[in-house]
Amino acid sequence: MPAKILDGRVLAKELKEQLRQEVVGLKEKTGAVPRMINVMIGETHGACAYANSQKRIAEQIGICYELANLAQDISQEDLIAYVRKLNDDESVNGIMIHKPIPGHIDYRKVANCLDVAKDVEGINATNVGKMLLGETEMIPCTPAAVMEHIKSTGMDVRGKEVVIVGASEIVGKPLSLLFLRQMATVSVCHIATSEAGRLDEHLARADILVVAVGKAELIKGDKIKDGAIVVDVGINQLGDKMVGDVCFKSASQKASYITPVPGGVGPVTVVMLMRNGIEAYKMQKGIKS
């Protein structure tokens, strides 16, 4: 039986409505709404399009979202000074650093200058450490989106075999912590797994498979366990179409649930950013979730 489609657009719509209602309640309680600033260094068509998408979703939820355009040649010192100014501004509840950034900027240094309570992408080293200990709600947005897709299936993750293909700092590693928090058994595969010829054996036992490597249709359906939940984080251009890291056509014949590309994880990721903005606001106002 073909897999059920985990439609990110439908899930995002449901989550947006939940957040919109929460913002209405916060405004009634505090007289204000969360205010988020997206810091963009220079401008590219793709980056501006994504920022506009964020702004549109923020407005639908009721969040105040502003884009701060800084010069492409801004020095790192001036950028850090600007970020610290936002840190000190009590009217700003959330800050993000829009990617891509120019090569002369050290992204990690800038990220670690963010106020921990305003870091809505969860990229500051302190927030990363707090996530390891389960002490923060500032979860990186793509891993959070993956977990929302899994939650929507109704599967109890406890004790399940989870295989994550891709060990990046922004997806694979934090995602492994989120699954561990729910008592799953987690394997994180990477280039050395493939070099050792061990990837297929991991794929074959995955009750939940998440792939985030950036290689078009790397994982074929015949490698996937019957009935697995498959979440494809990859976005790749293949000829004139956009595809994921999983071969959707063959994988959908083996999986029980699968995300499409496009229209899977992506739409939910932006909503998770807004959720972090709301959590930041509540944290700063002393409002318990």
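In this chain, numbering begins with 1 at the start of the sequence shown.
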Taking atom CZ as the centre, does R181 end up with more than 12 heavy-atom neighbours from other residues, nucleotides or ligands that are less than 6.0 angstrom away? yes

Where M96 and N38 come nearest, the two heavy atoms and their spacing: CG-OD1, 3.4 Å

For E90, does the CD atom sit with more than 12 other heavy atoms under 6.0 Å from it, leaving out its own atoms? no

Y281 and side chain to side chain contact (heavy atoms under 4.5 Å, CB included): which single residue from N276, L26, V23 fits? L26

Test K16 against every option in M274, Q60, R275 by the side chain to side chain contact (heavy atoms under 4.5 Å, CB included) rule and name the one that passes. Q60

May I have the step-by-step check of side chain to side chain contact (heavy atoms under 4.5 Å, CB included) for Q284 and K118, ending in yes or no? CA-CA 9 Å; Q284 291 157 43; K118 297 185 178 185; 3.6 Å; yes

Check whether V120 and L178 end up in the same hydrophobic cluster, where Ile, Leu, Val, Met, Phe, Trp and Tyr are linked by side-chain heavy atoms less than 4.5 Å apart. no

Is it the case that one hydrophobic cluster holds both L209 and I229, taking links as side-chain heavy atoms less than 4.5 Å apart, direct or via other members? no

Just wondering, are more than 12 heavy atoms of other shown residues or ligands nearer than 6.0 Å to CD1 in I170? no

Is the number of heavy atoms from other residues, nucleotides or ligands within 6.0 Å of CD (E66) greater than 12? yes

Any chance NZ of K29 has more than 12 other-residue heavy atoms, nucleotides or ligands included, within less than 6.0 Å? no

Can E59 and R56 be counted as an ion pair, charged N to O under 4.0 angstrom? no

Can you establish whether the number of heavy atoms outside I235 located under 6.0 Å from its atom CD1 is more than 12? no

Can you measure from CD1 (I287) to CD (E279) and round to the nearest 0.5 angstrom? 10.5 Å

M155 atom CE: more than 12 heavy-atom contacts under 6.0 Å: yes

Carboxylate-amine/guanidinium proximity below 4.0 Å for E22 and K282: yes

C113 and N124: which non-hydrogen atoms are nearest, and at how many Å? N-ND2, 4.4 Å

Decide, yes or no, whether a salt bridge links D200 with K223 under the criterion of side-chain N to carboxylate O below 4.0 Å. yes

